[in-house]
Amino acid sequence: RRDVLVLTPWLAPIVWEGTFSRDILDAQYLQKNLITGVVTFAVEKYWFFIEGFMSSANKYFLAGHPVNFYLFTDCPEKISHLQMAPENHLFVIPVQDDPRWQDISRSRMDILSSYIQSQFQHEVDYLYSMDINVQLLAHIGVEIIDALVATISSWQVTPQQDNKASETHPESQSAIPEGQGDFHYTASFYGGSVAEVYKLTRACSAGLVQDRENGIEGPWHHESHLNRYLLQHKPTRLLSPEYYWDTEL
């Protein structure tokens with residue numbers, strides 16, 4: 001494709017429809033006998049989205065390959081029976097809600113890093129975090145598999161010299177110096193190898209804790225810390241905004 005940017009300045013591929021052969025990648029992936037995990041959170045009113053997300057992800061996410069879905073929720077009793085593909089497995093993990101949605105957002109990174117260390121690293125090779133309030137409309141395949149994967153925000157599809165969505169508080173652990181931003185990445189869809197996702201979530205969790213101790217609460221919460229981490233640790237693969245498109249656009 002010549003109509004879009006397909007390579008970053010640090011030579012990581014940007015995956016768009018039409019830039020890969022899924023058949024070739026599927027064959028390579030099958031030979032490696034890998035298992036991929038998907039983590040999502042359904043806390044408070046977001047339990048409403050569980051059935052729509054799970055039914056579409058079960059159909060379209062790495063179809064034909066084994067996937068472990070890890071659903072964190074504070075209301076496991078509201079989950080109806082979900083029919084999963086034979087190669088997929090759903091694990092419901094109870095989690096406490098927080099009185100403020102900002103605290104829920106903040107605690108995700110800590111929860112993920114803890115479960116990666118205690119459980120996920122023994123069960124999956126790659127791990128992706130996705131928001132629950134979406135539905136997959138087309139196949140998302142093994143073209144997303146790489147060591148450290150980020151998705152370009154659909155609101156900011158060009159490299160950012162002055163990232164308006166980054167943290168502006170100079171003392172925040174997520175602050176990005178002016179003129180040093182790359183792309184803006186959404187926290188709604190990111191992942192990679194278990195080892196790399198562990199390092200990312202652990203670093204973001206530590207930054208969030210330090211900001212909270214210093215009385216700093218940025219408007220973008222864990223997404224700001226995700227972007228700061230990915231500025232310092234460049235993603236090895238980027239997913240185009242096609243992978244997480246905002247219907248308002």
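Just so it is clear, the model here is predicted, and its values are computed rather than measured.
Counted within 6.0 Å of CD1 on I24, heavy atoms from surrounding residues, nucleotides or ligands total 12 or fewer; the atom is thus considered open. No more than 12 heavy atoms of other residues, nucleotides or ligands sit less than 6.0 Å from atom CZ of F48. In this structure, F72 places its CZ atom where more than 12 heavy-atom neighbours from other residues, nucleotides or ligands lie under 6.0 Å away. Under a cut-off of 6.0 angstrom, the local environment of CG in D3 is crowded, with over 12 non-hydrogen atoms contributed by other residues, nucleotides or ligands. Within a 6.0 Å sphere centred on CZ of R202, heavy atoms belonging to other residues, nucleotides or ligands number 12 at most. The environment of CD in E51 is sparse: at most 12 heavy-atom neighbours from other residues, nucleotides or ligands sit within 6.0 Å.
Here OH of Y243 is found 15.0 Å from OG of S154. Values are rounded to the nearest 0.5 Å. Atom CD of E77 sits about 8.5 Å away from atom CD1 of I79, to the nearest 0.5 Å. A distance of 10.5 Å separates CG of L208 from CG of L226, quoted to the nearest 0.5 Å. Taking CD of Q117 as the start and NE2 of H122 as the end, the distance is 8.5 Å to the nearest 0.5 Å. Taking NZ of K59 as the start and CG of N88 as the end, the distance is 14.0 Å to the nearest 0.5 Å. Remark: L112 CG to C204 SG distance equals 10.0 Å, nearest 0.5 Å.
At a cut-off of 3.5 Å, with distance as the only test, a side-chain donor of Y70 or E123 sits close to an acceptor on the other residue.
Looking at E143, its side chain does come within 3.5 Å of a backbone N or O of G141 through a donor-acceptor pair. Checking side-chain atoms of D131 against main-chain N and O of N133 turns up no donor-acceptor pair under 3.5 Å. Remark: the backbone N or O of E44 is paired with a side-chain donor or acceptor of D74 at under 3.5 angstrom. No side-chain donor-acceptor contact under 3.5 Å links R237 to the backbone of G192. Remark: the backbone N or O of M109 is not paired with any side-chain donor or acceptor of S205 at under 3.5 angstrom.
Cluster membership for F41 and L90, using ILVMFWY side-chain heavy atoms within less than 4.5 angstrom, is not shared. Under the 4.5 Å side-chain contact rule for hydrophobic residues, W47 and V38 share a cluster. L34 and V124 fall into different hydrophobic clusters, where Ile, Leu, Val, Met, Phe, Trp and Tyr side chains are chained together by heavy-atom contacts under 4.5 Å. Under the 4.5 Å side-chain heavy-atom criterion for ILVMFWY residues, a single connected hydrophobic cluster contains both L200 and L127. I145 and M130 fall within a single hydrophobic cluster, where Ile, Leu, Val, Met, Phe, Trp and Tyr are joined by side-chain heavy atoms under 4.5 Å apart, directly or via other members.
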Apply side-chain hydrogen bond (donor to acceptor under 3.5 Å, both in side chains) to the pair H233 and E196, showing each step before the final yes or no. CA-CA 10 Å; H233 307 81; E196 288 297 329; over 6 Å; no
Quick one: do V4 and S240 satisfy side-chain contact (heavy atoms from CB on, under 4.5 Å)? Show the steps, please. CA-CA 9 Å; V4 291; S240 75; over 6 Å; no
side-chain contact (heavy atoms from CB on, under 4.5 Å) between N68 and I35, intermediate numbers included: CA-CA 7 Å; N68 286 357; I35 299 177; 4.2 Å; yes
Using the side-chain contact (heavy atoms from CB on, under 4.5 Å) rule, take N33 and D125 through it: C-alpha gap first, then chi angles, then the decisive distance, then the call. CA-CA 10 Å; N33 196 29; D125 302 286; over 6 Å; no
Tell me, with the steps shown, if H89 and M84 meet side-chain contact (heavy atoms from CB on, under 4.5 Å). CA-CA 7 Å; H89 295 89; M84 304 296 291; over 6 Å; no
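For the pair Y29/L62, a side-chain contact is recorded, criterion being any heavy-atom separation below 4.5 Å from C-beta on. At least one side-chain heavy atom of H184 sits under 4.5 Å from a side-chain heavy atom of N227. When side chains are defined from C-beta on, I116 counts as touching T201, because their heavy atoms get closer than 4.5 Å. The shortest distance between side-chain heavy atoms of Q121 and Y198 does not fall below 4.5 Å. Side-chain contact between T36 and Y128 is present, with at least one heavy-atom pair separated by less than 4.5 Å. Residues I140 and F189 are in side-chain contact: their nearest non-hydrogen atoms beyond the backbone lie under 4.5 Å apart. Under the 4.5 Å side-chain criterion, counting only non-hydrogen atoms from C-beta, W245 is not in contact with L137. In this structure, V43 and V95 have side chains that are in contact, with non-hydrogen atoms separated by less than 4.5 Å.
You'll find the ring centres of Y185 and Y190 outside the 6.0 Å limit.
Among all heavy-atom pairs drawn from K234 and L148, the shortest one is O-CD2, 4.0 Å. Closest non-hydrogen pair, A147 versus T236, comes out as N-OG1, 3.4 Å. Across all non-hydrogen atoms, the minimal contact from L238 to P235 is CD1-CB, 3.7 Å. The nearest pair of heavy atoms linking Y126 to D146 is CE2-O, 3.4 Å. Smallest separation of non-hydrogen atoms from N58 and F69: N-CZ, 4.2 Å. Minimum interatomic distance between L71 and I132 (heavy atoms only, all atoms of both residues): CD1-CD1, 4.2 Å.
Between F183 and W10, the ring planes lie perpendicular to each other; the angle is over 60°, past the 30° to 60° tilted range. Classified by interplanar angle (parallel below 30°, tilted 30° to 60°, perpendicular above 60°), the ring pair F49/Y46 is tilted.
Look at E242 and R1 and you find a salt bridge, because one of the NZ, NE, NH1 or NH2 atoms lies within 4.0 Å of a carboxylate O, short of that distance.
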